[in-house]
Amino acid sequence: MTVRTRFAPSPTGFLHIGGARTALFNQLFARRHGGAYLLRIEDTDKARSTQAAVEQILESLAWLGLSPDEPPVFQSTREARHAEVARELLAQGKAYRAYETPEELVAMRERAMAEKRPPRYEGVWRDREPGPEQEGQPFAIRLRAPRPEEGTGETVVEDLVQGTVRVANTELDDMIILRSDGTPTYLHAVVVDDHDMAITHVVRGDDHLTNTFRQCMVYDAMGWHRPRFAHIPLIHGADGAKLSKRHGAVSVLDLREQGMLPDAVCNYLLRLGWGHGDEEIISRERAEKIFDIADVGRAASRMDYTKLAHVNGVYLRQANPEALLPEVLRRLTAAGEGFGTDKIAKLKLLLPALQERAKSLAELADSAAFVVADGAPELDEKAAAVLTPEAKGRLEDLAQFLSGAPWERADLEQWLRDYADVKQVKLKEIAQPLRVALTGSTMSPPIDLTLFALGRDEALARMLTAAGDDLPPPI
RNA sequence: GUCCCCAUCGUCUAGAGGCCUAGGACACCAGCCUUUCACGUUGGCAGCACGGGUUCGAAUCCCGUUGGGGACGCCA
């Protein structure tokens, strides 16, 4: 039997990190077994589902390389089928009509809670035939839960991650599968859809673990084979609490905007809750070979943005500069104007050195800003401190000296060393003021490269500007 | 309240009874490299929640305690 998995988000908001990891595991598991990974949009809650959310989820998945192998299924288009199955269960006597109103049920639940009883449906209509007064009244369809006298007394799930999980059937009540307005409930729709989509392995968050027992009731009632289940633990925020907006960027699209690379995000997510020996940096290709759902841990893990940044830095360093350029330009031109070919050429020269020093595309763009700046860059605090009167004097002198240099990187380095020799100072003492003059910062790629990339005119101009502040005022 | 799940350095994890005086990674601290920063590299700090068993031997198995998390909807 071919493995078929699915990711089933509800479009009530953006795709967050936890969902992304669930999708990743589903895809990896399917690929590992040569199967298919599908997507089902669970949009049966019309009040909360939005088209914008659907599009955002699709975009997020596409960005992460987690688009499904088949066109997505929209659950809302399948309501007739859900109702059909519910009516079949009703016809077989495995389900029954229940006439309580939603308000009555809320009241019953609250009463049970107040009396510290389990808030379960008491089964009033389970064995009661509707009388004349029910004629024409709306009703919900409830599924008969197994009763101890009807079977083993417990429902068992062999979970691929959690192991054997069992629950007494007395914990299960008669759940509603079809609402009084004829729409299906989630627990019912999921089962019907998973069955019809021929899903063999349900990989999802372990917040669904206890729901699984209720879903098994539907499979069993219909005589369908249950799929295998794998409930993966949730991801928590750095403080251990449930992941929420308070924990920073939890939306996948936020991570993109912060300059994370999709493969880095997936690599990080893969290592949350799953490990393979001492391997840390794992390519998509390798992950498809070694990922095993049985190796997923059972404990919840915490989101660690610092480590994500580290992994992203690794991928950024390995990235092809050509591939990064458009994104860097986009970030640099957020203000509006485009750049001439000369500036882009300078950027291309510096990009490989710059990307080695950045942990995100955002940092990369920031660090590249000096390259495309018009004229001298602004100095940060540390940089300003470097430009002592003495340093400024030296800069002017150095500019004079370098104006005669051949503008090649190796030559420039040699000229700088020669200059330092002649002046009897360490290279560092001229490199730092020069760096500040050129970039506005005390940190930059190697100074010879920076000098070369900026070009003779631009470099000398910036040096003179930096030196200029301290020149005697013109008469 | 009831049920379910979980528990190794601050964090992510390796570990499936002796290979563990518990390994790796991030972060942190020192040193080295060096024209700055970063990278790299060397070393350091730091953990089997607790209590009982089982066993010649337990991070690994069992029970309990504590502490987390999740589920109990005509939401998904």
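By convention in this document, chain letters (A, B, ...) are assigned in the order of the sequence lines, proteins followed by strands, and residues within each chain are numbered from 1. In this text, all values refer to a predicted model and were calculated from it rather than measured experimentally.
Between the side chains of Ser76(A) and Asp43(A), at least one donor-acceptor pair of N or O atoms lies under 3.5 Å. At a cut-off of 3.5 Å, with distance as the only test, a side-chain donor of His82(A) or Asp193(A) sits close to an acceptor on the other residue.
On the C1' atoms, G44(B) is 32 Å away from C6(B), given to the nearest whole Å. Between the C1' atoms of C32(B) and U65(B), the separation comes to 50 Å (whole Å). Nucleotides A22(B) and A14(B) are separated by 10 Å at their C1' atoms, to the nearest Å.
Applying the 4.0 Å criterion to OP1 and OP2 of C4(B), one finds that Arg214(A) has every side-chain N and O outside that range. When the side-chain nitrogen and oxygen atoms of Thr185(A) are compared with OP1 and OP2 of G73(B), none of them lie within a distance under 4.0 Å. Contact annotation: Arg302(A) does not reach the phosphate of G69(B) (side-chain N/O to OP1 or OP2, under 4.0 Å). When the side-chain nitrogen and oxygen atoms of Thr44(A) are compared with OP1 and OP2 of A76(B), one or more of them lie within a distance under 4.0 Å. Regarding contacts with the backbone of C3(B), every side-chain N or O of Arg120(A) stays at 4.0 angstrom or more from both OP1 and OP2.
Straight-line distance from the CD atom of Glu279(A) to the P atom of G24(B): 16 Å, rounded to whole Å. Summarising the geometry, the separation between CG on Asn312(A) and P on A38(B) is reported as 18 Å, rounded to the nearest angstrom.
Ser180(A) contributes a side-chain N or O that forms a donor-acceptor pair with the base of C74(B) under 3.5 Å. Side-chain atoms of Arg417(A) stay outside donor-acceptor range of the base of U35(B), with no qualifying N/O pair under 3.5 Å. A donor and an acceptor atom sit less than 3.5 Å apart, one in the side chain of Arg48(A) and one in the base of C75(B). For A38(B), the base has no donor-acceptor partner in the side chain of Lys359(A) [N/O atoms by modelled type, under 3.5 angstrom]. Taking only distance into account, the side chain of Arg317(A) never meets the base of C39(B) through a donor-acceptor pair shorter than 3.5 Å.
U60(B) makes up no base pair with any nucleotide shown, lacking Watson-Crick or G-U wobble contacts both under 3.5 Å. Using the Watson-Crick or G-U wobble rule with both distances under 3.5 Å, A49(B) pairs with U65(B).
Using bins of under 30°, 30° to 60° and over 60° for the plane-to-plane angle, the ring pair Phe401(A)/Tyr419(A) lands in the tilted bin.
Nearer to the 5' terminus of RNA chain B, by closest-nucleotide assignment, is the contact made by Thr164(A) (compared with the other of Thr164(A) and Asp278(A)). With the nearest nucleotide of RNA chain B identified for both Phe213(A) and Thr442(A), Phe213(A) has the one nearer the 5' end.
Taking the six-membered ring where the residue is Trp, the centroids of Phe25(A) and Phe291(A) are separated by under 6.0 Å.
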Which is it for Thr183(A) and Arg179(A) under the side-chain hydrogen bond (donor to acceptor under 3.5 Å, both in side chains) test, yes or no, and what are the steps along the way?
-> CA-CA 5 Å; Thr183(A) 61; Arg179(A) 299 187 187 102; 2.9 Å; yes
